[in-house]
J.: 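My structure is below; once you've seen it, I'll send some questions.
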Amino acid sequence: MRIPKIKIPKKYLKIGAWVLGVFMVICIALGAVAYSKREALLKKMVAKAIAKADKDYGLEVKIGSAGFTGLSTVKMTAISVVPKERDTLSNIGELSVSVKLFPLIFGHVKLSEVKLNQGFVSIVLKDSTTNIDFILKRKKKDSTATKNKVNLSEIASNILNQVLYKIPDDMDVKNMVFKLNDHDTAKLTFDTEAVIDGGDLKSSINVNNGESMWHVNGYVNPGSKELSFMAYADGKKLELPYLNNKLHAKLSFDTLQTELKNAKYSGDDYKISGSWSVKNMLVNQPRIASNDIVVQSAKLDADILVGPNYIALDSTSTAYLKNAQIHPYIKYTLGKNKIYELKLNAEEQDAQAVLNAFPQGLFESLEGLRVQGKVKYNLNFYLDTKIPDSVRFSSTLTPVDFKIVQWGKTNLQKINGPFVYTPYEYGKPMRDITIGPANPNFTPLSAISKNFINAVLTAEDPSFFTHNGFVEESIRKSIAVNFKEKKFKRGGSTISMQLVKNVYLSRQKTLARKAEEILIVWLIEHNHLVSKQRMLEVYFNIMELGQNIYGIGEASRYYFGKQPADLTIGDGLFLASIVPKPKASMYKFMADGSLKPYMFNYFRFMGNIMARRGLTASDTSGYGFYNVRLREGLRQYLAPDTAVIDTTAFDDDEDGLPPVIMQDKNKSLFDRIFGGGSKKDTTTVKPVAGPDTAKSKKQLRQERREERRRQKELEKSQGQ
């Protein structure tokens, strides 16, 4: 179809030309007037800015001279900024700033060129004060001045635009020093030179007068909202000893790279797309691990969504660790109640690639492990702070044709035969214990009373024989309890997790050890490396049941002078009650060897549960409470009946990270439900003795040597 041409009369064209011409003449005239008055206008603007800085921020700003050196370039000299009653914040010898004229027409100040020569910015920390306190005061004032509902997406857009507008097209910075003077720690200086030429950024940063030389190079295109930076150091890793001292940690890396790809509105959301990557990042922090952890290669391709009342890392984001990848989703919602959401989705991928992706130094037992097959992982977490009991949690690691082809440092099947177990107290080894027939105290599962087995399983891990190492419902409840209490009060460990923690791993309480514990439990349970019966047998023979008392064989003889097979329902319930706090076991007895009255409620509560499950006969008299009697030889060590003991002093943390106490292991049900044994007193109590057959250090060393010798002979015979 042919579109007919529209012919515009010449008179309208002439009218349009005259209007445009008049408009241009007016603009030129106004520009000429403004140009002639610009010096006066500049002085007024400078005076206004100085007055505002003094009124709003308490800053004394001085400018030696200020004037135009071109059409849109302002040159200032001898600039100083001093907060009231504080150290000088900044001093700049010479600064030239050029702005773009077109954005200025619409009220936007967009820098086109910046030149800076000879200056410093100095942050001084003295006790509880700094010379940047004025920023915090201003923020507090702003927050109280407006009570209108904020729109986070608008704030994010405005902040990013303000930052981008302050990045000039061209820049030349020489002899600019950034200082941090922390009187409690150290001094830190960055002597900086930087150039932006046609969008290319190159900079050199002399750290602490030659301690190291950093570089931040890249590309900037603020108009298109595109930035790319890479940081590295000459001939060494990029690190800051100041931060290491301040945080009691070590952090360094070869290169650090970040990129802003785009930022724009998507409906009501403001979407920021970018990436962050790091090479050979080394971390050493006591809460994370006791040794250096090295992340060889990590990258995050991120899509960040900022909505009217939330911030989220969208599920379109991808995190890479070497050749493994996972899609994270993190969302934080503001409102009357805060909402936290976390989802992780790792699609099916090579299992060995996933194992290799873990940072070097993270594992102590699994290093060198070789596997075949594939795995996939999903995690879902949702917490509404208004209703924490409704927290949602699920975590699934699914194997596909998965198998172990080579052990790492530790054979995860070692507990299927005799082995030597070394318990630790406060980081120190106590004694070596042979878990096998060579130890007269070792008790096979078949020789342990069902009363004890059922009592411990009921109190510690009722679903032990049906779960695969983890109980999501227990973890979910622990999250809810800990959130409400604002501290780690309840753990979610199963017997499988407690066994792995004690047998395969060191007693170092770190996040790395916890991660390895979870992975070993999964490997053992999903690959059926050890039977449930053997796991329970080993657990009962290594569990701490008193001061230097390990295993049911020692405990049954120590407390009651009985064989494990002869334990009554009352004996079993007592031993189950001391699992969370074994060192406080003796304080549950009266001077005559009977149990203190407050224990009755625990016996009745636990006994009723066991009776309903068909694990014991119904008993209205307290399920053997009155028949429990401490062995007569130990009664001399009991505290007087009038003494009230603070048993919290004997708490053993389950999986805690210092200094947080993570005592629970389902917190002996009694202590959580009835609160027994929680009163405090200053009564001095005679230390509880160990077994009647206490041995000298020389005897214990000799026993350890003999046990190691027997273990070596056993391994040699098995090898033949």
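Computed from a predicted structure; not experimentally measured.
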J.: Between K403 and D401, does at least one N-O distance fall below 4.0 Å, as a salt bridge requires?
T.: no
J.: For I387, does its backbone N or O pair with a side-chain atom of S390 as donor and acceptor, under 3.5 Å?
T.: yes
J.: Got a sec, which residues hit salt bridge (charged side-chain N to carboxylate O under 4.0 Å, His left out) with D200, two or more places apart in sequence or on another chain?
T.: none
J.: Listed by chain and number, what are the salt bridge (charged side-chain N to carboxylate O under 4.0 Å, His left out) partners of K331, not counting sequence neighbours?
T.: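 Partners of K331 by the salt bridge (charged side-chain N to carboxylate O under 4.0 Å, His left out) criterion come out as none, since no residue qualifies.
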J.: For K409, enumerate each residue passing the salt bridge (charged side-chain N to carboxylate O under 4.0 Å, His left out) test, keeping only those at least two apart in sequence or located in another chain.
T.: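 Partners of K409 by the salt bridge (charged side-chain N to carboxylate O under 4.0 Å, His left out) criterion, ordered by chain and then number, come out as E367.
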J.: Please check if the distance between the ring centroids of Y340 and Y332 is under 6.0 Å.
T.: yes
J.: Look at the side chain of H327 and the backbone N and O of S317, then say whether any donor-acceptor pair between them is shorter than 3.5 Å.
T.: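 Between the backbone of S317 and the side chain of H327 there is a qualifying donor-acceptor contact (under 3.5 Å).
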J.: Among residues at least two apart in sequence or on other chains, which ones pass ring pair (Phe, Tyr, Trp, His ring centres under 6.0 Å) with F178?
T.: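 With sequence neighbours excluded, F178 shows a ring pair (Phe, Tyr, Trp, His ring centres under 6.0 Å) to no residue whatsoever.
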J.: Please answer whether the main-chain N or O of S153 pairs with a side-chain N or O of S157 as donor and acceptor at a distance below 3.5 Å.
T.: no
J.: Return the orientation label for the W522 and F402 ring planes: parallel under 30°, perpendicular over 60°, tilted otherwise.
T.: perpendicular
J.: Listed by chain and number, what are the side chain to side chain contact (heavy atoms under 4.5 Å, CB included) partners of A515, not counting sequence neighbours?
T.: none
J.: Could you check whether K202 pairs with D197 (Lys NZ or Arg NE/NH1/NH2 to Asp/Glu carboxylate O, under 4.0 Å)?
T.: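 No, K202 and D197 are not salt-bridged.
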J.: Does the S496 side chain pair with the main chain of V521, one donor and one acceptor, at a distance under 3.5 Å?
T.: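 Pair absent, no side-chain N/O of S496 close to backbone of V521.
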J.: Inspect the contact between E516 and R513 and indicate whether a charged nitrogen and a carboxylate oxygen are less than 4.0 angstrom apart.
T.: no
J.: Kindly say whether T130 contributes a backbone atom to a donor-acceptor pair with the side chain of D133 at under 3.5 angstrom?
T.: yes
J.: Under 3.5 Å, is there a donor-acceptor pair between the side chain of E259 and the main chain of K261?
T.: no
J.: Among all residues two or more places apart in sequence or in another chain, which pass the salt bridge (charged side-chain N to carboxylate O under 4.0 Å, His left out) test with K532?
T.: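 Once residues adjacent in sequence are excluded, the partners of K532 under the salt bridge (charged side-chain N to carboxylate O under 4.0 Å, His left out) criterion are E525.
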J.: Below 30° counts as parallel, above 60° as perpendicular, anything between as tilted: where do the rings of F393 and F381 land?
T.: perpendicular
